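Every chain is numbered from 1, with letters handed out A, B, ... down the list of sequences. Because the structure is a prediction, the values reported are computed rather than measured.
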Amino acid sequence: MTEAFDDDPYEGALSLSQRAMSARGTPYLDGLNTEQRAAVEALDGPVLMLAGAGTGKTRALTCRIAHLLNTGRARPNEILAVTFTNKAAREMKERVGALLGTGGEGMPWLGTFHSVCVKLLRRHAELVGLKSNFSILDTDDQIRLLKQLILAADIDEKRWPARQLAGLIDGWKNRALTPEKVKGRETAAFNNRGSELYDSYQARLKTLNAVDFGDLLLHMVTIFQTHPDVLEQYQRWFKYILVDEYQDTNVAQYLWLRLLAQGHRNICCVGDDDQSIYGWRGAEVGNILRFEKDFPGATVIRLEQNYRSSEHILATASGLISQNTGRLGKELWTQAQGGDKVRLIGHWDGEEEARWIGEEAEAIQRGTRGNDPVSLNDQAILVRASHQMRAFEDRFLSIGLPYRVIGGPRFYERLEIRDAMAYFRLAISPADDLAFERVINTPKRGLGDKAQSRIQIAARENGLSLLDGARLLLQEGALSGKAAGQLRLFVENIIRWHDEILSASAASATTAAGDDDELIEPDAAGVAPANDLSHVRLAEAILEESGYSEMWLNDKTPEAPGRLENLKELVKALEQFENLQGFLEHVSLIMDNDKQENDDKISIMTLHGAKGLEFPVVFLPGWEDGLFPSQRSMDESGQKGLEEERRLAYVGITRAEQLCTISFAGNRRVYGQWQSQMPSRFIDELPARHVDVLTPPGLYGGGLGGGFGSDHAASPAMADRAARADVYNSPGWRRLQQSAARGGTTYSSPKPRGKPVVIDAEEAAAFTIGDRVFHKKFGYGEVMGSEGGKLVVEFDKAGEKHLLASFVVPADSADDVPF
DNA sequence: GTTGGTCTGACGGTG
DNA sequence: TCAGACCAAC
């Protein structure tokens, strides 16, 4: 695990490249600052580029690639450059292309970790018992498969849901732990059978000739570790390695990189420990903190000049992040001066917050806030969790404010698209059992649970795929008339489609022969526009002949037309690909959905999704304890979790160039129930000097402030003083902050005691606020009030619950009740 | 086997 | 709020 990087046989390469450098100009170096330039020119040996938010990291990185190519140190296909997102990969490709005046193609190994690994794994699949045409399961498939395994293991799926198992297994894979390595590390989860389930999951994947996302990395690490010859080949091949967002790498990615970097030792990692926000999916900030130990003699370059944000915004972000411990430490600075302070405003509830932000965005767009007009495209709302988006969508729809949701439910995750894709998958590989299961009874073919389980049994007993199992049953005449007829049709269709694909690919194989030029491959399977569109026709035919399109035509629900529309779009998207196979690959890895739109719209996205982006105007709503920082994060990871949330806040603030507005609401609907919220503890950590508080008096005190938010902008200084006095110094604020600091359980504002709670006619006044009650599952608690006919009880152990009064009894009578 | 109604528990994000 | 699970009726 700790192989030393002690010997570097490529030191002599220097003179060669220097010769090359003098041959061509280096215009791309112009305009870089000293540090950026150092980062671009330190080509050899390990380099760690600590690049704070907005310091021109991508610029430095792309210039570095250009420089590598321009100085002749490496050919485009000898550079391995990995990113986390498709967006980042695309951007880098484009920018390198622009710098060099080439198309931006021609860097086959610039991509996401996953896409690079797929490419590698297709070449070496047999080393881990797969065929090179393995399919990539998405989360949905994964869950369905795990569900079956849990069922088969006779474990209560209620108690141990498949989602949780998926999380467990992902966690292991992120840490590069194979089932063998997990054995003996058993936890109580899944009745101590977690590793057993993991093992059978992997076995099942192998028989399905499939991998999940985690496997892409894990398998490659396994191959590199067990086949030194393969590893050496790539160590030699990749002369330079570049890694974006290094702080987000997990253990598997880290090992993968280290193994590959052992050859030339030319690895350049770019990252910012303050922007590490993916701990929950296994990212190890430790990787970046440890870089200099891992790669002795590494050059460390800090990019600290910020070109993005105004002075106050930067200072606010810095003040906040300085509360974190264990940082590598960077001092961001800017030449920019003046500008608006970060604004802070509290609202009565989430809807009010959405309303205010909508109005504010429009005012800023028109320039009626005393500012220059800012288009909606240049404004963004960044939320902690995607469910917060809804309030904004509702509001914006009703006032007709154009918006776009970025990273919302993705096109390819829609039901109808997944169904259609399952048909395509079956056509390509009829043995794809997961796809078979998905659509065997969609549209309804009268093949319900009973028929399906018979097919399952027939398949398992004979070691066949479900399709072949079904054929067997048909041959034996084991099914009754109607079901048999439908099944026969289904099976015959699949085989016919499959045959068409086979003959189509046989035809194209004769025309398109060509060997791999060493490790150079045509980029991703068939993204090039195809002139032969037979696969598009086939796709249409599949949707027709399966009866799938018809199913939605006959569907009277309001969403049916939209679904048909989506299916059309799907078929259209196919035109860009050479064949169905290439399309499926694209979908499983790319799956992104951001269309180029030219309309002026405000963006709504999650904080995670906003990383790497910047906007002149940014709104950061929902800064409430429990929501942000998220309760779950703190429960799961304690102090570490809180610091990660703080980094997320830092990422949010640093997205803003000119104007950043933080807001919180006193009340919010959670799971459709109203809940009182407390301002986020992060608000208290903002350096007051750089913050304008727009909150009017009385949000938490007496009368609830309606009517604020309109006039304070006219006299910001006054509003500032008045508001600060109220918000920062009011007893209410202090009390809230103190109870937050105690980590108190109370998310409810104080309620008057002794007032009867009317639940319904029968139960009227059965309970009073402040009553102690007992519930058979949640234990003892205190009645806080009522809502929507339900009792609100704060349980000592289980927290606040909303439940029917009939489920609790007065605490003192608990012993009398035979539960 | 299908449909439809009620009940329950989840909502952190990504490839 | 809302999807999925569950159960009763057709």
Tell me the interatomic distance from [X], atom [atom1], to [N], atom [atom2], rounded to whole angstroms.
X      : N      : atom1 : atom2 : answer
A:D635 : B:dA10 : CG    : P     : 14 Å
A:Q673 : B:dG9  : CD    : P     : 14 Å
A:D244 : B:dG15 : CG    : C1'   : 15 Å
A:L607 : B:dT14 : CG    : C1'   : 15 Å
A:R445 : B:dT2  : CZ    : P     : 11 Å
A:Q486 : B:dG1  : CD    : P     : 13 Å
A:D248 : B:dG15 : CG    : C1'   : 13 Å
A:K158 : B:dA10 : NZ    : P     : 11 Å

Tell me which nucleotide among [options] gets nearest to the side chain of [X].
X      : options               : answer
A:K444 : B:dG12, B:dT3, B:dT14 : B:dT3
A:N441 : B:dT14, B:dT2, B:dG12 : B:dT2
A:R281 : B:dT14, B:dG15, B:dT3 : B:dT14

Checklist entry - If you take atom types as modelled and just measure distance, does the side chain of A:W280 reach the base of B:dG12 with a donor-acceptor pair under 3.5 Å? => result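 Checked by distance alone, the answer is no.
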Checklist entry - Per the atom types in the model, does the base of B:dG15 pair as donor or acceptor with the side chain of A:T112 at under 3.5 Å? => result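 It does not, because no donor-acceptor pair links the side chain of A:T112 to the base of B:dG15 below 3.5 Å.
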Testing the basics here: between [X] and [Y], what is the closest heavy-atom pair and its distance to 0.1 Å?
X      : Y      : value
A:L466 : A:Q456 : CD2-OE1, 3.7 Å
A:M389 : A:T606 : CE-N, 3.6 Å
A:A422 : A:V439 : CB-CG1, 3.7 Å

Checklist entry - Would you say the ring centroid of A:F682 lies under 6.0 angstrom from that of A:F664? => result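 No, the ring of A:F682 stays outside the 6.0 Å limit from the ring of A:F664, centre to centre.
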Item to check | A:E157 side-chain N/O to A:A162 backbone N/O, donor-acceptor pair under 3.5 Å | outcome: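 Looks like yes, one N/O pair under 3.5 Å.
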Checklist entry - So A:W280 and A:Y278, ring pair (Phe, Tyr, Trp, His ring centres under 6.0 Å) or not? Walk me through it. => result CA-CA 5 Å; A:W280 51 272; A:Y278 285 107; 5.5 Å; yes
Checklist entry - Given that A:K450 and A:S633 both sit by DNA chain B, which one's nearest nucleotide is further toward the 5' end? => result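 Upstream on the strand: A:K450.
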Checklist entry - If you pin A:H114 and A:G672 to their nearest nucleotides in DNA chain B, which one's is more 5'? => result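 Residue closer to the 5' terminus by nearest nucleotide: A:G672.
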Item to check | A:Y671 aromatic ring stacked with six-membered ring of B:dA10, 5.5 Å and 30° | outcome: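 One would call A:Y671 stacked on the B:dA10 base.
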Which part of the nucleic acid, if any, lies within reach of [X] when heavy atoms closer than 4.0 Å are counted: base, sugar-phosphate only, or nothing?
X      : result
A:F113 : nothing
A:K147 : sugar-phosphate
A:R384 : base
A:Q452 : nothing
A:A451 : sugar-phosphate
A:E636 : base

Next on the checklist: Could you tell me the boundaries of the chain A footprint on DNA chain C, defined by atoms under 4.0 Å from its heavy atoms?
Outcome noted: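 Answer, 5' to 3': C:dT1 to C:dC6.
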Next on the checklist: It should be established whether A:S386 places a side-chain nitrogen or oxygen under 4.0 Å from OP1 or OP2 of nucleotide B:dG13.
Outcome noted: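 Yes, because at least one side-chain N or O of A:S386 sits under 4.0 Å from OP1 or OP2 of B:dG13.
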Checklist entry - Phosphate oxygens OP1/OP2 of B:dT14: is one of them under 4.0 Å from a side-chain N or O of A:N250? => result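 Checking A:N250 against B:dT14: no side-chain N or O falls below 4.0 Å of OP1 or OP2.
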Checklist entry - What side-chain hydrogen bond (donor to acceptor under 3.5 Å, both in side chains) pairs are there with at least one residue in residues 441-454 of chain A, not counting sequence neighbours? => result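 For residues 441-454 of chain A, and leaving out neighbouring residues, the side-chain hydrogen bond (donor to acceptor under 3.5 Å, both in side chains) pairs sorted by first residue read A:Y423-A:R445.
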Item to check | Qualifying salt bridge (charged side-chain N to carboxylate O under 4.0 Å, His left out) pairs, either residue in residues 626-641 of chain A, two or more places apart | outcome: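 Found A:R632-A:E636.
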Next on the checklist: What I want to find out is whether A:R563 reaches A:D555 closely enough, with some N-O distance under 4.0 Å, to be called a salt bridge.
Outcome noted: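 Answer for the salt bridge query: no.
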